[in-house]
Amino acid sequence: MAAEKKDARPGKAPKKESQPLIIAKTPAEEQRLKLERLMRNPDKPAPIPEKPKEWNPRAPPEFVRDVMGSSAGAGSGEFHVYRHLRRREYQRQDFLERLSDKQKLDEEYIEKLQENQKAAEERTAKRRKKREKLKQKKLMAKKAKMESQKEEAGSEEKSSSSSASEAEEQEDDAEVPSFIMGKR
């Protein structure tokens with residue numbers, strides 16, 4: 001009983017069962033172990049790490065009171081302070097250069113996208129115009145054919161049936177290709 005009282009303290013959670021330590025030997029096994037641990041308690045939210053913030057240098061001081069350099073007359077400790085300030089300024093300048101390069105690349109990328117979009121729109125417009133032109137041409141051919149059929153119907157009544165057979169032969173000849181591939 002004393003052992004039971006020792007484990008069950010008021011205000012303390014009961015001790016969890018210890019699980020055997022499993023060391024993953026392969027990345028796949030490591031992934032499996034992580035998934036198993038997540039799936040033991042599906043109600044618990046999975047930890048999703050946030051994107052780390054980009055390093056940003058400290059802004060340069062607006063007014064420098066202790067102007068120092070590595071010149072003669074400075075104490076031995078002053079050089080290290082100077083060196084640290086110089087290193088920080090170089091880091092800040094490098095950061096600004098990288099930032100400007102990144103902005104330049106972003107602008108070039110956006111410009112390239114706009115050029116590609118404009119070229120695609122031009123090609124589309126050109127093809128649309130070609131399709132419209134073909135449609136108009138087909139409509140005109142259809143109208144001309146209808147008119148010629150009306151004229152032939154009117155002239156057929158006046159002429160004999162032999163002229164109608166000649167018109168059909170002419171239409172058949174128009175559909176026959178002028179060449180046949182594969183023959184010499």
Side-chain angles (χ1 to χ4, degrees), residues 1-139 181:
M1 283 186 110
E4 291 175 9
K5 288 182 181 178
K6 201 178 200 182
D7 288 343
R9 293 182 195 145
K12 295 278 185 169
K15 194 173 185 182
K16 292 182 181 179
E17 294 179 23
S18 62
Q19 295 179 356
L21 178 66
I22 301 172
I23 298 172
K25 294 182 175 90
T26 63
E29 193 174 334
E30 184 178 347
Q31 183 97 18
R32 183 181 57 79
L33 290 172
K34 286 180 181 178
L35 281 173
E36 284 177 1
R37 190 175 72 226
L38 282 172
M39 293 309 291
R40 273 189 216 128
N41 188 1
D43 298 333
K44 183 179 175 184
I48 299 173
E50 292 183 17
K51 185 178 178 181
K53 293 181 180 176
E54 191 173 315
W55 179 81
N56 202 0
R58 241 181 353 188
E62 292 181 20
F63 183 78
V64 181
R65 285 179 172 69
D66 300 325
V67 178
M68 64 181 79
S70 60
S71 60
S76 60
E78 299 298 315
F79 173 72
H80 300 293
V81 175
Y82 163 75
R83 187 178 61 180
H84 181 66
L85 290 172
R86 185 181 63 181
R87 183 179 55 82
R88 189 182 305 155
E89 180 61 19
Y90 286 156
Q91 280 182 339
R92 190 180 72 81
Q93 289 176 357
D94 286 342
F95 173 77
L96 292 175
E97 284 179 18
R98 278 182 282 152
L99 192 65
S100 66
D101 289 343
K102 186 178 178 183
Q103 288 175 347
K104 186 178 177 183
L105 287 173
D106 288 346
E107 289 172 4
E108 288 175 0
Y109 175 72
I110 290 171
E111 186 177 319
K112 181 87 170 177
L113 281 179
Q114 290 174 346
E115 287 176 7
N116 288 346
Q117 190 174 8
K118 185 178 178 183
E121 287 174 2
E122 288 175 359
R123 285 193 307 266
T124 305
K126 186 176 177 182
R127 291 176 182 165
R128 184 183 305 120
K129 187 177 178 183
K130 191 174 181 181
R131 283 193 305 269
E132 291 295 325
K133 198 173 180 182
L134 281 171
K135 280 184 184 178
Q136 292 295 327
K137 197 173 181 182
K138 284 182 181 179
L139 277 173
M181 293 182 67

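All of these numbers come straight from a predicted model, not from anything done at the bench.
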Please output the side-chain donor-acceptor pairs of residues 33-43 that fall under 3.5 Å, not counting sequence neighbours, one pair per line with the distance.
{"unit_1": "Glu36", "atom_1": "OE2", "unit_2": "Arg32", "atom_2": "NH1", "d": "2.8"}
{"unit_1": "Arg40", "atom_1": "NH1", "unit_2": "Gln19", "atom_2": "OE1", "d": "3.4"}

Heavy-atom nearest pair, Glu29 first then Ile23, reads OE2-O, 3.9 Å
Rounded to the nearest 0.5 Å, how far apart are CG of Asp106 and NZ of Lys104?
-> 12.5 Å
Straight-line distance of Arg98 CZ to Glu54 CD, nearest 0.5 Å | 8.0 Å
Worked check of side chain to side chain contact (heavy atoms under 4.5 Å, CB included) between Arg131 and Arg128 | CA-CA 5 Å; Arg131 283 193 305 269; Arg128 184 183 305 120; 3.8 Å; yes
Please list, one pair per line, the donor and acceptor atoms closer than 3.5 Å that link side chains of residues 85-96 to other protein atoms, with sequence neighbours excluded.
{"unit_1": "Arg87", "atom_1": "NH2", "unit_2": "His84", "atom_2": "ND1", "d": "2.8"}
{"unit_1": "Arg88", "atom_1": "NH2", "unit_2": "His84", "atom_2": "NE2", "d": "2.8"}
{"unit_1": "Glu89", "atom_1": "OE1", "unit_2": "Arg92", "atom_2": "NE", "d": "3.2"}
{"unit_1": "Glu89", "atom_1": "OE2", "unit_2": "Arg92", "atom_2": "NH2", "d": "2.8"}
{"unit_1": "Glu89", "atom_1": "OE2", "unit_2": "Gln93", "atom_2": "NE2", "d": "3.3"}

From Ile48 atom CD1 to Glu50 atom CD, the distance as rounded to the nearest 0.5 Å | 10.0 Å
